[in-house]
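Remarks on the structure that follows.
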Number of protein chains: 2
Amino acid sequence: MIPESRQDDKAIARAANSRLVHDFGLLIKSATLLEQRIDSALRRECGISHTMMEVLIRLCRRPGEEVSQRHLADDLTLTSSGTTRLIDRMEESGLVRRVASPEDRRVALVEPTEDGRRVFLRAADIHAHVVERYFVEPLARDDYTRLTSALSEIHKALREDVT
Amino acid sequence: MIPESRQDDKAIARAANSRLVHDFGLLIKSATLLEQRIDSALRRECGISHTMMEVLIRLCRRPGEEVSQRHLADDLTLTSSGTTRLIDRMEESGLVRRVASPEDRRVALVEPTEDGRRVFLRAADIHAHVVERYFVEPLARDDYTRLTSALSEIHKALREDVT
DNA sequence: AGTCAATTGCTGAGTACTCAACTAAATTCT
DNA sequence: AGAATTTAGTTGAGTACTCAGCAATTGACT
């Protein structure tokens, strides 16, 4: 049995040291750290989480646009249940309000309150600062452009087959 | 007061539609989707989470190397408390075991069991498949190289100032 | 029109994390 | 050597998700 075990050892070490595994780990780790950095800055300075900021960004993009919870869930990679509770918390802190849709009585439209818009404006500043510092600054101009286009491709591939 | 409000409207729309905000969102979203994809594949095929897989990768890298929980926590971007419970679950499912360090009686070294190594070997296959499909395939060879080097830079910047 | 299927949002139960406070061991300072 | 500080890991309480299952509403098929 020892020779078979030695065979495995080789395969195991090879798999654990694979280039792909390392690179993928780097992506996940960088994204996690970056999100944590933004999240704690936003919590400290504006009292909102990074996820709440993503909601506000979505809601402020086109003023007057009707945005349902389902829509938000898709955009934020959340389940509908997670979204319900997220909007609950945001409504409770007065950042957004739910409005019944006139066309479809199932959907709850979400819109920012005046206060939500005010908080968003302050948060956008913090957000920009952190993104600038850790996402743009470390990269050469060209690399930044290529990074984002690479991410677009990856994102497209992920969206395309919803297996 | 209306003119002031209109002023804000402009600033709000500009902030919400900023290029940086969009690009950063893309990074976070791609990473999240990618991780979810891997996580569900691993759970379905091998009964382990993506986080557990990251632990196994770390433990199988250099066989015989002493890896403490602290070490794992740093590598996985987890708190020590999160790591304790993660290793609890992994120990319970027989994937790893805790061994007291002979040099420092505070530290708990973590090592993979035979079963853990077996599971890792199967999981590495799934892992490689998904990474290949959504991380490598969508990109031209050059773009892949540049993407990973850009990520390295970002990661370095994040590591450097631990503000 | 009447049933069947799909979709929206909500809720209970469970999971996987965080933070703060703790113990025990090791290290540093004097 | 002894006190003060730092570090490793654990625990309790809280947070923010997920999944499965629900009711209400809408749309599609005949």
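Reminder, nothing fancy here: chain letters follow the sequence lines and each chain counts from 1.
Regarding contacts with the backbone of D:dT18, every side-chain N or O of A:Ser81 stays at 4.0 angstrom or more from both OP1 and OP2. Between A:Arg70 and C:dT8 there is a side-chain N or O to OP1 or OP2 distance below 4.0 Å. For C:dT18, the OP1/OP2 oxygens have no side-chain nitrogen or oxygen of A:Arg43 closer than 4.0 Å. The phosphate of D:dG12 has neither OP1 nor OP2 within less than 4.0 Å of any side-chain N or O from B:Arg85. Neither OP1 nor OP2 of C:dT7 sits under 4.0 Å from any side-chain N or O of A:Arg105. Contact between the side-chain N/O atoms of A:Thr51 and the OP1/OP2 oxygens of D:dC17 is found at a separation under 4.0 Å.
For A:Leu78 and C:dT8, the CG to P distance is 15 Å, given to the nearest whole Å. Rounded to an integer number of Å, the gap from B:Asp88 CG to D:dG9 C1' is 10 Å. Put simply, CD1 on B:Ile87 is 10 Å from P on D:dG9, counting in whole angstrom units. Rounded to whole Å, the distance from NE2 on A:His50 to P on D:dA16 is 14 Å. Rounded to an integer number of Å, the gap from CG of A:Leu76 to P of C:dG9 is 13 Å. The separation between B:Gln36 atom CD and D:dC17 atom P is 12 Å, rounded to whole Å. Rounding to whole angstrom units, CE of residue B:Met90 and C1' of C:dT15 are separated by 16 Å. When rounded to the nearest whole Å, the span between CE of B:Met52 and P of C:dA16 equals 6 Å.
In the set D:dT10, D:dC17, C:dT18, C:dT18 carries the atom at the smallest distance from any side-chain atom of B:Thr79. Nearest to the side chain of B:Arg89, among C:dC10, C:dA16, D:dG9, sits C:dA16.
Looking at A:Arg106, its side chain has no donor and acceptor atom pair within 3.5 Å of the base of D:dT26.
Map A:His71 and B:Thr83 each onto its nearest nucleotide of DNA chain C; the residue landing nearer the 5' end is A:His71. Sequence order on DNA chain D of the closest nucleotides to A:Asp104 and A:Gly82 puts A:Gly82 first from the 5' end.
Salt bridge annotation for B:Glu65-B:Arg58: present, with a cationic side-chain nitrogen under 4.0 angstrom from a carboxylate oxygen. Using a cut-off of 4.0 Å between Lys/Arg side-chain N and Asp/Glu carboxylate O, B:Glu114 and B:Arg117 are scored as salt-bridged. Ionic pairing of A:Arg122 and A:Asp125 is not present here: no N-O contact between side-chain nitrogen and carboxylate oxygen is shorter than 4.0 angstrom.
Across all non-hydrogen atoms, the minimal contact from A:Pro138 to A:Arg133 is CD-O, 3.5 Å.
Classification of the A:Phe24-B:Phe135 ring pair by plane angle, with boundaries at 30° and 60°, yields perpendicular.
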